[in-house]
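Dumping the structure here so I can ask a few things about it.
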Amino acid sequence: DAKTTQPPSMDCAEGRAANLPCNHSTISGNEYVYWYRQIHSQGPQYIIHGLKNNETNEMASLIITEDRKSSTLILPHATLRDTAVYYCIVPYNNNDMRFGAGTRLTVKP
Amino acid sequence: GAVVSQHPSWVICKSGTSVKIECRSLDFQATTMFWYRQFPKQSLMLMATSNEGSKATYEQGVEKDKFLINHASLTLSTLTVTSAHPEDSSFYICSASSNPIEAFFGQGTRLTVV
């Protein structure tokens with residue numbers, strides 16, 4: 001059901017930037033891109049969302065390509081606590097979140 | 001961000017009994033709530049969507065008579081797993097939304113049926 005594809009896993013060195021890609025080639029003009037993450041045995045945590053402009057908050061930056069067919073979540077200085085599964089979601093309606101497999105990010109010391 | 005609280009965080013019940021899980025939006029009114037189920041090493045799967053005062057809409061393959069959802073107020077939705085069996089053991093997660101562009105998730109409830 002998910003409308004996005006992500007690599008299954010990525011590693012990142014502690015203190016370096018983590019860049020997580022997401023493809024959403026069928027996205028339509030009024031659909032947002034959302035990013036959540038899930039740390040083991042917890043509920044998903046909201047990170048950021050965007051429509052077409054790049055977005056930044058205290059957690060991360062979201063870079064959306066001009067054609068909106070892909071995006072990248074950037075964690076500027078990854079820490080060990082950022083180890084989690086990261087989900088890129090394009091909802092069916094804007095609050096109807098369908099989860100794909102996500103990317104398992106492992107931050108290594 | 002807005003806070004969504006689930007209760008209990010974990011529960012163990014005997015096979016054949018029913019168990020109720022609560023999902024509360026603590027600081028906003030949730031017109032829509034979603035219930036998910038997550039098995040080990042898998043992603044979240046949407047079970048049903050409920051709007052306050054209306055019957056829940058269930059995803060294909062989810063038995064509505066087994067997973068009873070009530071969304072009687074703008075701050076509370078409940079999921080009751082009836083006649084639970086070991087295969088219902090899972091991590092159940094709710095999310096709540098007050099507008100079309102946001103959804104906030106609870107911390108999840110781990111159900112173990114023995």
Side-chain angles (χ1 to χ4, degrees), chain A residues 1-9 20 22 27-53 55-60 62 64 83-106, chain B residues 1-10 21 23-26 28-52 56-62 90-112:
Chain A
D1 286 328
K3 296 192 283 186
T4 62
T5 56
Q6 299 175 251
S9 63
L20 293 91
C22 178
I27 195 170
S28 62
N30 61 350
E31 291 181 320
Y32 286 76
V33 180
Y34 289 77
W35 284 83
Y36 286 82
R37 72 181 183 184
Q38 186 179 28
I39 297 170
H40 182 62
S41 296
Q42 297 181 24
Q45 177 188 22
Y46 167 81
I47 301 174
I48 199 166
H49 74 280
L51 184 60
K52 49 185 170 182
N53 297 323
E55 301 287 344
T56 296
N57 62 22
E58 65 277 4
M59 289 183 69
L62 174 61
I64 303 174
T83 292
V85 180
Y86 287 76
Y87 296 99
C88 169
I89 301 172
V90 175
Y92 280 75
N93 297 305
N94 275 326
N95 56 10
D96 181 348
M97 305 291 174
R98 309 288 174 118
F99 288 74
T103 296
R104 181 172 298 277
L105 174 69
T106 303
Chain B
V3 179
V4 176
S5 177
Q6 278 185 245
H7 179 80
S9 298
W10 59 270
I21 302 169
C23 178
R24 293 182 184 272
S25 55
L26 298 186
F28 68 100
Q29 293 184 325
T31 51
T32 307
M33 288 188 172
F34 302 87
W35 286 94
Y36 297 80
R37 180 168 53 181
Q38 185 176 32
F39 292 108
K41 301 188 185 299
Q42 296 185 21
S43 187
L44 286 77
M45 295 299 297
L46 181 66
M47 299 174 68
T49 303
S50 72
N51 292 297
E52 186 264 339
T57 301
Y58 290 81
E59 295 298 303
Q60 191 173 9
V62 178
S90 188
F91 193 49
Y92 291 87
I93 304 165
C94 73
S95 74
S97 174
S98 62
N99 65 65
I101 63 168
E102 291 182 320
F104 301 97
F105 287 81
Q107 76 274 27
T109 296
R110 185 160 303 283
L111 169 64
T112 302

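On a predicted model such as this, the values are computed, not experimentally measured, just so you know. Just so we're on the same page: letters track the sequence lines, and every chain starts at 1.
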Legend entry - Heavy-atom pair of closest approach, residues A/Y87 and B/S43: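 Here A/Y87 and B/S43 meet closest at CE2-OG, 3.4 Å.
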Legend entry - Name of the residue among A/Q38, A/R98, A/M97 meeting side-chain contact (heavy atoms from CB on, under 4.5 Å) with B/L44: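 That would be A/Q38.
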Inset, instruction - Could you check which of B/T32, B/L46, B/T49, B/V4 has the highest count of heavy-atom pairs closer than 4.5 Å to chain A? - result: B/L46
Inset, instruction - Step through it carefully: locate the ring centre of B/F104, locate the ring centre of A/Y34, and say whether they are under 6.0 Å apart. - result: no
Legend entry - Residue B/Q6 versus chain A: region with a heavy atom under 4.5 Å: neither
Inset, instruction - Establish, yes or no, whether a centroid distance under 6.0 Å links the rings of B/F105 and A/Y36. - result: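 B/F105 vs A/Y36: aromatic centres under 6.0 Å.
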Inset, instruction - Any chance you could measure A/F99, atom CZ, to B/Q38, atom CD, to the nearest 0.5 Å? - result: 8.5 Å
